[in-house]
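First listed ligand is number 1; within each ligand, the first listed atom is number 1. Not measured: the values here are computed from a predicted model.
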Amino acid sequence: MSYTNRDENSNTPNESFKVIRKCSVCGKKSIFVNSNKFRVNANGNRIDIWLIYQCRKCKHTYNLTIYERLKKDTLSLELYTSFMENDETLAREYGTDKSIFVKNKAVIDMSSKGGR
Ligand SMILES: [Zn+2]
């Protein structure tokens, strides 16, 4: 992975954050990457939505909570559909949203994200 920060002009939200956490399958700390897939679980009129991360080595999954017990009617049908269809743009959007990681107490792998 050679990612240089040369092109500072482009304002693209580039790569999703990677997460460092202990993988129960690998038995040690591993890097988890965004699978660009969501998991949606509807329970009555409440919805839980996760962004699925995967261990880079063994593909063991780790669900990053995006919404918890969200009232179904606060979510637009459009957004709901995007989650259901694993919209990649949306997955990248959440994968680059630091607040999601803070909320999940996930450790972001800073070494893979040049600068900041
Ligand atoms: Zn693993």
Side-chain angles (χ1 to χ4, degrees):
M1 206 152 290
S2 58
Y3 206 84
T4 49
N5 303 327
R6 286 278 159 79
D7 77 22
E8 281 170 347
N9 292 328
S10 78
N11 201 18
T12 46
N14 52 49
E15 277 186 87
S16 294
F17 288 121
K18 294 183 181 68
V19 170
I20 302 175
R21 75 190 312 271
K22 195 178 175 209
C23 174
S24 57
V25 176
C26 295
K28 56 183 176 183
K29 278 192 177 172
S30 190
I31 308 273
F32 283 70
V33 295
N34 194 348
S35 72
N36 291 321
K37 287 193 172 58
F38 294 101
R39 191 177 149 214
V40 180
N41 181 34
N43 201 332
N45 62 344
R46 301 282 175 164
I47 303 184
D48 294 315
I49 296 167
W50 297 274
L51 178 61
I52 304 172
Y53 262 65
Q54 278 187 323
C55 171
R56 204 153 66 177
K57 287 195 182 116
C58 72
K59 306 286 181 209
H60 182 61
T61 56
Y62 162 55
N63 297 336
L64 210 58
T65 305
I66 296 179
Y67 291 118
E68 223 171 1
R69 308 245 144 255
L70 184 74
K71 269 191 170 175
K72 217 172 194 167
D73 45 15
T74 46
L75 195 65
S76 73
L77 184 63
E78 195 190 343
L79 195 55
Y80 181 74
T81 310
S82 299
F83 283 127
M84 293 302 281
E85 291 176 351
N86 298 314
D87 186 278
E88 262 188 56
T89 311
L90 196 63
R92 200 174 319 119
E93 214 172 278
Y94 285 103
T96 52
D97 182 351
K98 212 168 195 169
S99 66
I100 300 279
F101 296 83
V102 171
K103 205 171 74 179
N104 282 271
K105 298 189 174 63
V107 181
I108 295 173
D109 177 16
M110 287 303 186
S111 63
S112 64
K113 202 66 189 161
R116 309 226 239 183

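Interatomic distance, Phe32 CZ to Asn63 CG, rounded to the nearest 0.5 Å: 10.5 Å. Taken to the nearest 0.5 Å, the NZ atom of Lys71 stands 5.5 Å off from the CZ atom of Arg46. Note: Lys72 NZ to Thr74 OG1 = 11.0 Å, rounded to the nearest 0.5 Å.
Between Tyr94 and Phe83, the gap from one ring centroid to the other is short of 6.0 Å.
Distances from the Zn ion (ligand 1) under 2.8 Å pick out these protein N/O/S atoms: Cys23 SG, Cys26 SG, Cys55 SG, Cys58 SG.
Although no hydrogens or angles enter the test, the distance criterion places a donor-acceptor pair under 3.5 Å between the side chain of Asp48 and the main chain of Arg69.
Among all heavy-atom pairs drawn from Val33 and Arg56, the shortest one is CG1-CD, 3.9 Å.
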